[in-house]
2 protein chains.
Amino acid sequence: MTGQEGTSTQPGHPRVTAHRRGDLFDPDCPTRQLLDRVGSKWTTMAVLVLAGEEGEVRFAELRRRMAGVSQKMLTQTLRSLERDGLLTRRVEPTTPPRVHYGLTRRGRSLAGPLTVLKEWAETNMAAVDDHGRRWDESAAAG
Amino acid sequence: MTGQEGTSTQPGHPRVTAHRRGDLFDPDCPTRQLLDRVGSKWTTMAVLVLAGEEGEVRFAELRRRMAGVSQKMLTQTLRSLERDGLLTRRVEPTTPPRVHYGLTRRGRSLAGPLTVLKEWAETNMAAVDDHGRRWDESAAAG
DNA sequence: CAGAATCCTGCGAGATACTG
DNA sequence: CAGTATCTCGCAGGATTCTG
């Protein structure tokens, strides 16, 4: 199933890749980078905050809700999401300027998967943390 | 809803945290680190490979299936998962030794969420990649 | 075969200061 | 207010070598 079409050198139309499905287990497939981006802490939080609102959220509000994020990391995260076509950025040309962020349709489609992952993490955090603690103790002892 | 119990200075029982649910939006909650670990590229691939088998998988086989992973990163990933109680490590004391890895029950419970995320990434990879390319072009031009 | 140990490098990410 | 720009440091992570 994996490498039977992509590596062909046939001319065809340009941008054939746009129709192809990704394959996480193909080392040359960008799906890997994409997964690393969307699975990250700040991306998850940003998408989930924005998914909670039906409208848009301003920069400062976003920053407040994602407690602990630095201004730099928030900007980077939002830029990355915008570049990937997952969120929109709308600037109100006032002074001071107001910038509003909202999810695109595709961005909203990511909220489901991330919610599932977040819930898993929240549900299992305590047990995992506990297990790790015991692990460290027995490692230090033995 | 978020910070109404955790920041209390009340004594209470020790290890109360072990019963509490995690909260991704609490800056002091380990859920954030956990999310970053399990959402990563190699963790996802390892769990999904192991989830595909009913039995166990050996180190070399795992490495082969996760094409592109370095020996160091694979070892690290497996150790981390073992420490978190998500997989088991079984050593056959032969020469040469054979090491078999398998998911714990909790590890298997992670396979679902990660599959959902993986499928999202594979489905949307092409469109996201394409969007990013156009983004870069217009950024270079403008 | 399945690691442990070591060296080396890039970039992840915080802190700070400046702009429109 | 919502960013850019710079400097800095730590460590993630690759390549290589050694062992039982």
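As the structure is a prediction and not an experimental result, all values here were calculated from the model. Numbers restart at 1 for each chain; the letters A, B, ... are given by sequence-line order, proteins then strands.
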Euclidean distance, atom [atom1] of residue [X] to atom [atom2] of [N] [Å, nearest integer]:
| X | N | atom1 | atom2 | value |
| --- | --- | --- | --- | --- |
| Glu82(B) | dG3(C) | CD | C1' | 13 Å |
| Met66(A) | dA2(D) | CE | P | 14 Å |
| Arg37(B) | dC11(D) | CZ | P | 16 Å |
| Arg90(B) | dG3(C) | CZ | C1' | 17 Å |
| Leu78(B) | dA4(C) | CG | C1' | 15 Å |
| His100(A) | dA2(D) | NE2 | C1' | 12 Å |
| Tyr101(B) | dC1(C) | OH | P | 14 Å |

Does [Y] offer a backbone N or O that forms a donor-acceptor pair with the side chain of [X] under 3.5 Å?
| X | Y | answer |
| --- | --- | --- |
| Arg98(B) | Glu92(B) | no |
| Arg32(A) | Leu24(A) | yes |
| Arg89(A) | Tyr101(A) | no |
| Thr88(B) | Gly102(B) | yes |
| Ser40(B) | Arg37(B) | yes |

Taking the basic N atoms (NZ, or NE/NH1/NH2) and the acidic carboxylate oxygens, is any pair closer than 4.0 Å for Glu137(A) and Arg134(A)?
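Salt bridge absent between Glu137(A) and Arg134(A).
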
Are Val57(B) and His100(B) close enough that some pair of their side-chain heavy atoms sits under 4.5 Å apart?
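Sidechains of His100(B) and Val57(B): no contact.
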
Please tell me if the side chains of Leu110(A) and Trp120(B) come closer than 4.5 Å, counting only heavy atoms from C-beta onward.
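Leu110(A) vs Trp120(B): side chains touch.
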
Name the nucleic acid region contacted by Arg63(A), choosing base, sugar-phosphate or nothing; use a 4.0 angstrom heavy-atom cut-off, strictly under.
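Nothing, no nucleic acid heavy atom in range.
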
Protein proximity profile, nucleotides 12-20 of chain D - base contact B, sugar-phosphate-only contact S, no contact -, cut-off 4.0 Å on heavy atoms
-BBB----B

For Arg65(B) versus Phe25(A), what's the shortest heavy-atom pair and its separation?
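Heavy atoms of Arg65(B) and Phe25(A) come nearest at O-CD2, 3.6 Å.
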
Counting only non-hydrogen atoms, which of residues 46-62 of chain A are less than 4.0 Å from DNA chain C?
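None, since no heavy atom is under 4.0 Å.
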
